[in-house]
Each structure stands twice: as structure tokens, then as C-alpha cells.
Amino acid sequence: MPLHPGAWLALAVVALQGAAGIPRTWDDAELADFELPLAVPAYTPQHVPEDYYYRLPVRPVFRSYPIYHPDREPPGYRAWLARQAPEVVLGPAEPVDAPDWAAAGELVFSAPIGYNGPVGPRHVTDPAWYAEVGVPLAADGVMPFARWVIRRPGVLEVGNLACAMCHTRVLPDGTVVPGAQGNFPFDRSIARDLAGAPLPAIRAGLRPLTFAPWVADDPAFRLPRDRLLATLAGVPGGVVIRHGTSVAHPARVPDLIGIRERRYLDATGLVRHRTIADLMRYSAANQTIDMLARYGSYVPAGVGFRERPAPGRGRFVGTGSRYGDAQLYALASYLYALQPPPNPNPPDERAQAGRAVFEREGCGRCHAPPLYTNNRLLPVSGFRPPPEHHRRYRILDEPIDTDPGLALRTRRGTGYYKVPSLKGLWYRGPLGHSGSVATLEDWLDPARLRSDYRPTGFPGLAGSARAVPGHRYGLSLNARDRGALIAFLKTL
């Protein structure tokens with residue numbers, strides 16, 4: 001991904017951590033109500049204390065380089081890369097008082113926290129990997145979800161698990177949209193690698209990611225090998241079995257464009273977004289300090305799943321280091337500055353008719369313009385909000401018949417789903433909390449409520465037919481009004 005031209009100047013200005021009014025990321029008092037309690041309160045996570053967090057070393061950010069499809073790579077490119085010296089562009093001396101925080105944050109957005117896995121040189125240099133996994137490419141042949149990094153002279157590594165890996169989208173014309181709902185087929189690539197692995201090894205790899213102590217029948221630990229692999233292979237780009245979710249209930253990758261306007265983060269409203277410091281904490285947790293939290297007595301990346309490793313000794317990717325406060329402030333500033341791509345859908349006569357349908361049907365009650373969300377939480381079936389929640393959180397106490405699995409049976413499960421914004425629907429997909437349908441047309445198709453429906457996005461456990469429940473609004477419209485409503489929604 002090309003870097004903002006002001007980034008290098010921004011990163012040249014350095015000073016001690018904590019200067020220039022940068023918020024403190026990991027603060028015990030702020031962490032106390034940073035997240036909502038889980039739907040099963042006894043397992044609400046207890047994060048690492050600030051003393052532990054600030055003993056973790058700060059990650060250096062090395063200069064990185066684009067990865068091209070082997071058939072599109074410029075002649076001699078990798079030989080030239082091998083001659084480049086390692087260069088730290090952002091180290092423990094943090095950028096403060098920078099002329100352009102968003103430009104500095106673009107470096108952090110693209111900076112990996114792991115190397116050579118789950119995607120390594122053997123993948124990105126193999127044309128078969130691109131074809132079999134379905135990896136989208138930019139118009140210039142760049143694979144924008146990972147980058148070449150040189151940390152030692154002459155050694156090329158593939159940098160993994162940067163924010164950009166999940167939050168970069170390639171549009172059909174090859175345009176790259178940073179910060180959008182990404183479309184890298186993460187789990188399909190993993191399923192391909194696990195084709196020859198024994199079942200115990202597959203389950204061992206999934207345990208820190210998906211195990212929730214209160215869920216007795218997690219499918220990751222009861223499905224036979226072939227069906228488990230088929231489920232992983234069925235997860236499309238834009239959906240991911242990320243840490244804290246489930247094989248049965250993965251998460252749709254969120255679109256970060258417009259994140260400044262959102263009061264809750266994650267589909268389940270897990271994180272309260274009150275200030276830029278909350279976004280900094282959310283970024284740190286997801287990269288991957290939350291793997292060291294205690295869920296009851298369970299620590300996902302702990303020694304024996306019980307004890308936290310000594311600071312800096314974590315073996316799960318991302319748990320042995322951290323970003324500095326100024327790096328996270330820069331990252332959050334970059335995310336706040338993200339803009340959507342130009343919308344090709346004109347607000348024509350049909351779209352104007354769709355606006356009238358939107359208003360007539362009362363869609364604005366939940367999806368209120370101009371944000372097209374009311375920034376409220378909806379309790380799922382099977383969860384009754386405690387009385388104190390109504391005093392502390394923005395709740396619309398109207399349960400909808402949406403699959404409650406992600407909200408009740410995962411480590412991100414609060415018992416709620418947030419009301420999503422409709423802005424940017426034209427470039428997003430799959431849709432639904434677990435990405436069960438591929439397009440807006442599919443979402444407004446009443447056939448998705450039938451038990452014999454074949455989901456067009458994430459198919460579920462190894463592709464079984466199933467209904468995609470929830471959000472019945474718009475399903476009873478006639479074909480003309482439904483088409484007009486879709487035309488309007490695509491202009492947002």
C-alpha cells in the first residue's frame with residue numbers, strides 16, 4: 001500500500017512517550033468500564049494491568065515493500081529487495097508533535113505484528129495459492145494484504161496481521177480501499193494449509209482463538225476433521241474466524257471508514273467508543289493483548305491456558321510486544337481520517353423513489369440520517385438486559401429475531417448487536433453479523449428466512465442449508481419498491 005507523502009516527515013519528529021498530550025492507552029481506571037460485560041457475566045474478561053502492559057517492549061516498525069503476484073512482479077524486484085538494508089522507520093522513540101498524525105498512522109496501519117505466518121514466502125510466490133484461495137489483486141498486480149519486510153540483511157519476510165490485512169478491500173476494478181471491510185480470504189488460506197494436518201493439531205490451533213469456557217458444545221471440538229476443514233474453507237473474504245469468535249459464528253470484518261461516528265465497536269457493541277483513547281485501547285486489545293485477558297480462570301494465550309507469561313515472553317503472535325502510545329494515537333488519527341471511495345451510484349430518479357420507501361417504512365428510526373445509525377444496542381433473543389444497563393448504555397429494547405450465536409456463545413458476546421450504519425453499503429459485503437449473505441439484494445430477499453436457503457456468504461457448518469434470520473424489514477416489499485430501496489441504499 002503506498003504511503004502518504006508526509007509520512008516520512010511526520011516520523012522524523014521524535015520525543016519521549018507521553019508528551020504532547022497523547023492519551024495513556026492502558027489505564028486501569030479507564031479499562032474498568034471500557035468494555036461491556038459479557039452476556040455470561042462471570043466470564044467478563046479481566047485484562048492485563050497497566051503495569052504488565054507497559055513492561056512489554058514497543059514494536060519497531062520496519063520499512064516494508066509491496067508484494068506482487070509472481071506473474072506481475074517487475075523483473076529483478078526480489079533480487080533488488082534482497083540488497084536493501086533493514087530500516088526502522090518508527091521505533092521506541094515515538095513520534096509526537098508530528099505535522100501529520102494521520103500520515104504517521106498509515107505506517108502503523110500497515111505494520112505487521114507477525115512474520116511468515118499464516119502467509120509466508122511460499123504462499124505469495126506461488127501462483128496456485130492465489131488461484132485456489134481466490135486472493136484479490138490491485139490493478140497493478142499488488143497483493144495489498146501483506147508486505148515484504150527486511151529485518152535482517154538479505155532476508156525477505158512476509159509481514160502478517162497488520163491492521164491492513166483484514167481492513168483492506170480490493171474493488172472489482174482493482175481499486176484498493178484502505179480501512180474498508182477487507183476481502184482477503186483468510187480462513188480459506190488456512191484451510192488449504194491444514195489439508196494434511198491431523199484433527200488434534202487443527203483443534204489445538206483453534207483453541208486459543210475460539211474456545212469459550214461456558215460453551216460446552218463448541219463445534220470446533222466436536223466436528224469431524226473433514227467437516228471442520230470444509231467449514232474453514234467456506235469462510236469468504238470479508239468474514240474471519242478471529243480471536244474471540246467461533247467456527248460456527250465468525251465475525252464479519254467491520255468497515256473502519258466512518259469509525260469516528262460510531263459509539264460502540266464490534267458487531268456486539270463490545271467496546272464503548274467515547275474518545276480517541278478508547279479507539280487506541282481497542283486497537284491494542286485486538287493486536288492481540290486481549291488474548292492475555294482472564295475469562296474466569298481461562299487465559300487464551302496463557303501458559304497452560306491458566307497463567308500469563310512474563311511480560312515480553314508471550315508466544316502467541318502479538319502478545320510479547322505492543323505499540324507505543326504515540327503509535328496508537330497516530331493509528332487512531334489515521335482511522336478517523338479515512339474516507340470512502342468515490343460512489344459510482346447516482347442519486348437518480350429510482351434512488352429518490354427508494355428514499356421515499358426508506359422514509360415511509362420507518363427505516364430511519366434505527367438508521368437515522370445523516371449517520372444512518374442511531375448508535376444503539378439491540379438485545380438478542382435469550383438475553384434480558386440487567387436494569388443497570390439501561391442507565392449506562394444506549395439500548396433500544398426491541399429484540400429482533402437475529403441469530404444470537406455471536407452475541408451469546410463467543411468471547412465477544414455481550415448479549416447485544418449494535419445497529420450498524422448503512423453508509424458504504426455499495427462497496428461492502430458479505431453482510432450480516434457473520435457475513436451469511438453476499439449482497440444487499442440477498443439481504444432483502446425473503447427466501448433467506450427459509451430453512452432450505454443456501455447462504456450466499458458464509459454458508460455455516462460445512463455448507464448446510466439454513467435460514468438467515470433477523471431483520472425482516474423490507475422483506476415484504478413488492479419487487480419495484482425493493483429495487484428502488486436497494487438503489488437508494490447504494491447511494492449512501
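Residues: numbered from 1 along the sequence shown. What you are looking at is a predicted structure, and each value in this text was computed from that prediction instead of being measured.
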Q: Using modelled atom types only, decide if a donor and an acceptor are shared between the side chain of Arg147 and the backbone of Ser64 within a distance under 3.5 Å.
A: yes
Q.
For a quick check under 3.5 Å, do Tyr54 and Asp325 share a side-chain donor-acceptor pair by atom type?
A. yes
Q | Any donor-acceptor N/O pair, Asp445 side chain to Glu441 backbone, under 3.5 Å | A | no
(Q) If the condition is side chain to side chain donor-acceptor pair (under 3.5 Å), which residues does Thr125 pass it with, not counting sequence neighbours? (A) none
Q. Between Phe458 and Pro250, which heavy-atom pair has the shortest distance, and what is it?
A. CE2-CD, 3.4 Å
Let me check something: any side-chain donor-acceptor pairs from residues 204-211 under 3.5 Å, sequence neighbours excluded? List them with distances.
from, atom 1, to, atom 2, distance (Å)
Thr210, OG1, Leu206, O, 3.2

Q | Pairs involving residues 126-137, ordered by first then second residue, that meet side-chain hydrogen bond (donor to acceptor under 3.5 Å, both in side chains) (sequence neighbours left out) | A | Trp129-Ser189, Glu132-Arg192
Q) Between Asp403 and His433, does any side-chain donor sit less than 3.5 Å from a side-chain acceptor? A) no
**Q.** Residue pairs passing the salt bridge (charged side-chain N to carboxylate O under 4.0 Å, His left out) test where at least one lies in residues 233-252, sequence neighbours excluded
**A.** Arg242-Asp266
Q) Can you tell me if CZ on Arg222 sees more than 12 non-hydrogen neighbours from other groups inside 6.0 Å? A) yes
Q) Counting heavy atoms not belonging to Arg55, are there more than 12 under 6.0 Å from its CZ? A) yes
**Q.** Check: His273 ring centroid to Tyr264 ring centroid under 6.0 Å
**A.** no
Q.
Using every non-hydrogen atom in the two residues, find where Gly182 and Val253 come nearest and quote the distance to one decimal.
A. N-CG1, 3.8 Å
Q.
Using salt bridge (Lys or Arg N to Asp or Glu O under 4.0 Å), reason through Arg272 and Asp33 one step at a time and then give a plain yes or no.
A. CA-CA 8 Å; Arg272 303 172 73 192; Asp33 63 352; 3.4 Å; yes
Q | Option from Leu270, Val271, Asn286 for which side-chain contact (heavy atoms from CB on, under 4.5 Å) with Leu265 holds | A | Val271
**Q.** Neighbour count >12 (heavy atoms, 6.0 Å) for atom CZ, Arg450
**A.** no
Q. Under the side-chain hydrogen bond (donor to acceptor under 3.5 Å, both in side chains) rule, what pairs show up with a residue in residues 294-303, not counting sequence neighbours?
A. Ser297-Arg306
**Q.** Nearest heavy atoms of Ala233 and Arg188, plus distance in Å
**A.** O-CG, 3.1 Å
Q: Check whether any side-chain N or O of Asp401 sits under 3.5 Å from a backbone N or O of Gly470 as a donor-acceptor pair, and report yes or no.
A: no
Q. Any chance OH of Tyr115 has more than 12 other-residue heavy atoms, nucleotides or ligands included, within less than 6.0 Å?
A. yes
Q: Using distance alone, with no hydrogens and no angle criterion, decide if Arg466 and Ser436 have a side-chain donor and acceptor under 3.5 Å apart.
A: yes
Q: May I ask you to decide if the ring planes of Trp80 and Tyr65 are parallel, tilted or perpendicular, using 30° and 60° as cut-offs?
A: perpendicular
Q.
Would Arg169 and Tyr427 count as a cation-pi pair here, with the cationic atom under 6.0 angstrom from the ring centre and within 45° of the axis?
A. no
**Q.** Flag for Arg412-Thr268: side-chain donor and acceptor within less than 3.5 Å
**A.** no
Q: Measure from NZ or CZ of Arg448 to the centre of the six-membered ring of Trp443 and say whether it is under 6.0 Å with the direction within 45° of the ring axis.
A: yes
Q) Can you say whether the rings of His471 and His367 are parallel (under 30°), tilted (30 to 60°) or perpendicular (over 60°)? A) tilted
Q) Looking only at side chains, do His167 and Gln181 share a donor and an acceptor under 3.5 Å apart? A) no
Q) Would you call the rings of Phe383 and His389 parallel, tilted or perpendicular if under 30° counts as parallel and over 60° as perpendicular? A) tilted
Q. How would you list all residue pairs meeting ring pair (Phe, Tyr, Trp, His ring centres under 6.0 Å) that involve residues 133-159, not counting sequence neighbours?
A. Phe145-Phe184
